[in-house]
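See below for the structure under consideration.
Note that the structure is predicted; figures quoted are calculated from it, not measured. Values below: every heavy atom of this structure, side chains too, minus hydrogens, waters and symmetry copies.
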Amino acid sequence: QLQLVESGGGLVQPGGSLRLSCAASGFTLDYYNIYWFRQAPGKEREGLSCINSSGEDTNYADSVKGRFTISRDNAKNTVYLQMNSLKPEDTAVYYCAADSKPFWVVKNLCLSRVGKDDYIYWGQGTQVTVSS
């Protein structure tokens with residue numbers, strides 16, 4: 001089955017860190033841009049970050065810039081989202097998605113393209129809860 005699988009979520013205290021993983025199952029991530037999103041209860045889905053297929057180009061939402069870092073290890077077929085200095089408002093379900101569009105086309109749109117239909121693959125999500 002071709003799918004993305006997120007992991008690494010959990011409960012963390014404010015100021016803490018988590019590293020989320022987005023692993024591909026049944027296909028290789030080498031040729032795909034990867035995107036991270038989150039959705040909190042009662043709120044709209046929010047685009048957080050994106051990374052191109054080689055890992056050389058990225059983009060971040062202002063809400064996470066300087067705290068979150070996206071990276072990838074194509075040898076492990078996995079993309080990561082390192083989240084530091086977590087705040088209660090970071091509590092949400094975090095999703096990853098993939099597409100193969102030219103990154104120069106989508107880079108500046110990656111924070112606003114939040115519909116599932118815009119992507120080839122979409123994960124099932126992992127819960128992140130930031131609370132003391």
- prompt: In Å, rounded to the nearest 0.5 Å, how long is the span from CG of D30 to OG of S100?
  reply: 13.0 Å
- request: Can you see which heavy atom on Q124 is nearest to which on V5, and at what distance?
  value: OE1-CA, 3.6 Å
task: Can you sort out the partners of D57 under side-chain hydrogen bond (donor to acceptor under 3.5 Å, both in side chains), two or more places apart, ordered by chain and number?
output: K107
field: side-chain contact (heavy atoms from CB on, under 4.5 Å) between D99 and D118, intermediate numbers included
entry: CA-CA 8 Å; D99 76 7; D118 288 327; over 6 Å; no
field: Set of residues satisfying side-chain contact (heavy atoms from CB on, under 4.5 Å) with respect to V128, sequence neighbours excluded
entry: L18, L20, M83, Y94, V130
- line: Sorted by chain and residue number, the side-chain hydrogen bond (donor to acceptor under 3.5 Å, both in side chains) partners of K65 (sequence neighbours excluded) come out as D62
Any donor-acceptor N/O pair, Y32 side chain to A97 backbone, under 3.5 Å: no
- request: Output, in order, the C-alpha distance, side-chain angles, deciding distance and verdict of side-chain contact (heavy atoms from CB on, under 4.5 Å) for S7 and T126.
  value: CA-CA 6 Å; S7 62; T126 185; 5.6 Å; no
query: Partners of V93 by side-chain contact (heavy atoms from CB on, under 4.5 Å), sequence neighbours excluded?
result: Y95, Q127
side-chain contact (heavy atoms from CB on, under 4.5 Å) partners of S132, counting only residues at least two apart: P14
Backbone of F27 reached by a side-chain donor or acceptor of N77 within 3.5 Å: yes
field: Close side-chain approach of I70 and Y60, heavy atoms under 4.5 Å
entry: yes
message: Ignoring hydrogens, what is the shortest heavy-atom contact between E44 and Q39? Give both atom names and the distance.
response: C-NE2, 4.1 Å
- request: Answer yes or no on whether R72 is positioned over the face of Y80, meaning its NZ or CZ is under 6.0 Å from the six-membered ring centre and within 45° of the axis.
  value: no
- prompt: If you round to the nearest 0.5 Å, how far is OG of S54 from OH of Y31?
  reply: 12.5 Å
Residues that R19 engages under side-chain hydrogen bond (donor to acceptor under 3.5 Å, both in side chains), provided they are two or more places apart: none
field: Salt bridge flag under 4.0 Å for residues R38 and D90
entry: yes
Test item: T78 side-chain N/O and K76 main-chain N/O as donor-acceptor pair under 3.5 Å: yes
task: Working to the nearest 0.5 Å, report the span between CH2 of W36 and SG of C110.
output: 14.0 Å
- line: From the list I51, V106, V114, side chain to side chain contact (heavy atoms under 4.5 Å, CB included) partner of Y35 resolves to V106
- prompt: Taking all atoms of both residues into account, what is the closest heavy-atom pair of W122 and G115, and its distance?
  reply: CZ3-O, 4.3 Å
- prompt: Do the side chains of V79 and L2 join up, straight or via other hydrophobic residues, at under 4.5 Å, putting them in one cluster?
  reply: yes
message: Test side-chain hydrogen bond (donor to acceptor under 3.5 Å, both in side chains) on S71 and Q82; report intermediate values, then the result.
response: CA-CA 8 Å; S71 63; Q82 177 67 43; over 6 Å; no
query: Measuring from L4:CG to C96:SG, what's the distance to the nearest 0.5 Å?
result: 4.5 Å
task: Dump the intermediate steps for side-chain hydrogen bond (donor to acceptor under 3.5 Å, both in side chains) on N84 and S17, then the final yes or no.
output: CA-CA 4 Å; N84 299 329; S17 298; 2.9 Å; yes
- line: One should read off an interatomic distance between Q3 CD and S25 OG, to the nearest 0.5 angstrom, of 5.0 Å
message: Test side-chain hydrogen bond (donor to acceptor under 3.5 Å, both in side chains) on N33 and N52; report intermediate values, then the result.
response: CA-CA 4 Å; N33 309 314; N52 70 341; 5.9 Å; no
- request: Would you confirm whether the ring centroid of Y119 sits within less than 6.0 angstrom of the ring centroid of F37?
  value: yes
Atom pair CG (L86) and OG (S131), whose distance is rounded to the nearest 0.5 Å: 12.0 Å
message: Ignoring hydrogens and geometry beyond distance, is a side-chain donor-acceptor pair present between S63 and E46 at under 3.5 Å?
response: yes
Path from I34 to L109 over hydrophobic side-chain contacts below 4.5 Å: no
